[in-house]
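Please read the structure below before turning to the comments.
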Amino acid sequence: MNQKRPGFGTRIGFELAAAGSAVGLGNLWGFPYKTSANGGAAYLFVYLACILLVGAVAMLAEFTLGRRSRANTVSAYKAVSPNLGWLGLLVVVIPALIMCYYLVLGGYTVKYALGSFVGNAGKYEAFAGNVGDVILHTAVFALPAALIVIAGVRNGIEKAAKLLLPTMLLILIVISCVSLLLGEGVHEGLAFYLKPDFSKLTGSGILSAMGQAFFSLSLGCGAMIAYGSYSGQTVDLARSTVVVCLLDGLLTFLSGLAIFPALFHYAAISGASLSSLGMGGAGLTFITLPMVFEGLGLAGQIISLLFFTMMAIAALTSIISILEVVTQFIIQRHKLARTRAVSIVAFACLALSVPVGISLGLDVNGSKALCLFGRNLLELLDGVTNTLLMPLGALGACLAVGWKLPKAERFSGFTGTMLRIVTPVLIVLILVFGAVDMVFPATEAGRAFSADGFGMLMIAAGVVLLTIIAYFLWLKNRDTGSNQDEEAANAKREEAFRAGLQRGWQRPE
Ligand code: PHE
């Protein structure tokens, strides 16, 4: 394969990078607590079904958009229709928003992994409330991510994925085995996780599983379009989609297998009730698990180290895909060198993540000073992107590929029907019910929590509107570049460098 092409060198490299993007905090933090909040096994089954049916279709659409244009997301949508370019800009804005809070969470994982070294997996309140510490760890997390993306798609992202994804899988298998061997309570934990009781699953549980599937597969935010644009022309995208979805599903499944038996075991030996352990809450991984690990002695300390290291790795392979989406656009639109583009994006997002970290820290300490619409900035950004903007982005991809491609390129048969009709309908349902639940929360807890869901809806609408305006004002009639631009610029730089060397050689001493 041509060494100069700025893309993945191998099919497996592409698939592992996409799987690395997919497997992240959504799988290891979001999934376990949402599963326990929604009755266990039934949620798992709905989630896996959503990945294979709805998620896979949307992923194929995004890969296709990227590969056929071999360009950044804006050019990819423009290649379908110039009037759709705003969707491409929207999926540059969404990952930028995600980055601002994902970096903070990544910082948490670094803190907890390092904390395990000294036998203390981090006391949540003490850490979250200490803003300086949070910012420091966020920066420590952002640095390797930036360096990997600076190294490029093949030398950075692909190499990292080839090393890190198998490492994660191995660690997760080891932890699952240890967890299953703990003894007392393990059986109950397994039953909770694997014996479905569909009567426990509510409508909002199903919606949550669908939304979770989208977030977990990194859909609707350009990541899979960007990675698709770097896949080789001969790669069978449908096959790769299945591989990525299976890997994501497998790692998610294993994360439950690692967590629930250990949790139930701890409850059994400590006599604590599961609800007092905060099983159905967002603190499951960051508050409850460290307690569980500490209660298991030395073995627990080792598991803690492994678990949080794996979590940091998972967050890292996800954040690099988000960073690449924005970087790719900046490089191609503004003809910037990769190092410069990454530095700008990473610094900007790091700066924006500071108020997010502060807002969360204040909230944890009981101050709502930096909250908007009743939520701290992390919850706010998470809600706006996860519930509203990402499904919108994924819907756009399905409709564009399903209906707008030239006839000869369209998918037919089962995939075509899913792409054109079934998946879009399901995504619209997710969007509508998600929005309704945000404005009129069904549960008492939800009502107390999202007092101002309407405000969040307005923020999402504002982001979309501004993006559309910006696109039609600045981008519709301008060149937005393609992967080849980076290639050409690199070749030029190399040539200039060689010419410089040669001149140096020729110059007499
Ligand atoms: N899929 C990642 C996770 O599960 C999150 C993510 C979202 C990554 C969007 C990239 C883009 O945590």
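Heads up: numbering here begins at 1 and tracks the sequence. These numbers come from a predicted model, not from an experiment. Whatever order the structure lists them in is the order used to number ligands and atoms, beginning at 1.
- Heavy-atom contacts of Leu25 reach the following atoms of ligand 1: 3 (C), 12 (O) (cutoff under 4.0 Å).
- For atom 6 (C) of ligand 1, the closest non-hydrogen atom of the protein is Ser218 OG, 3.6 Å.
- Between the side chains of Ser208 and Tyr43, at least one donor-acceptor pair of N or O atoms lies under 3.5 Å.
- Comment: Arg338 engages Glu324 in a salt bridge, judged by a side-chain N to carboxylate O separation of less than 4.0 angstrom.
- Aromatic ring pairs are classed by plane angle as parallel below 30°, tilted from 30° to 60° and perpendicular above 60°; the pair Phe31 and Tyr193 is perpendicular.
- Using a 4.0 Å cut-off to heavy atoms of Asn27, the atoms of ligand 1 that qualify are 4 (O).
- Close N/O approach between Gly26 and ligand 1 is found [any backbone or side-chain N/O within under 3.5 Å].
- Within ligand 1, counting atoms from 1 as listed, the ones closer than 4.0 Å to a heavy atom of Ser21 are 1 (N), 2 (C), 8 (C), 10 (C).
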Verdict with supporting geometry, Ile427 and Cys398, side-chain contact (heavy atoms from CB on, under 4.5 Å)
CA-CA 10 Å; Ile427 300 179; Cys398 290; 4.3 Å; yes
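- Going from atom OH of Tyr471 over to atom CG of Leu90 covers 13.0 Å, rounded to the nearest 0.5 Å.
- Counting all heavy atoms, side chain and backbone alike, Ala142 lies closest to Leu350 at CB-CD1, 3.9 Å.
- From Leu172, atom CG reaches atom CD1 of Ile313 across 11.0 Å, with rounding to the nearest 0.5 Å.
- With 3.5 Å as the limit, one finds a donor-acceptor pair spanning the side chains of Asn27 and Thr252.
- Set against the non-hydrogen atoms of Ser216, the atoms of ligand 1 under 4.0 Å away are 1 (N), 4 (O).
- Close approach to Ala22 involves these atoms of ligand 1, each under 4.0 Å from a residue heavy atom: 1 (N), 2 (C), 3 (C), 4 (O).
- Assignment of Tyr102 to the shell around ligand 1 is supported, since a heavy atom sits closer than 4.0 Å.
- Here Ser321 has side-chain heavy atoms under 4.0 Å from ligand 1, and that is the only part of it that gets that close.
- Geometrically, ligand 1 and Phe215 share a nitrogen or oxygen pair separated by less than 3.5 Å.
- Nearest to atom 11 (C) of ligand 1 among the protein's heavy atoms is Cys221 SG, 3.2 Å.
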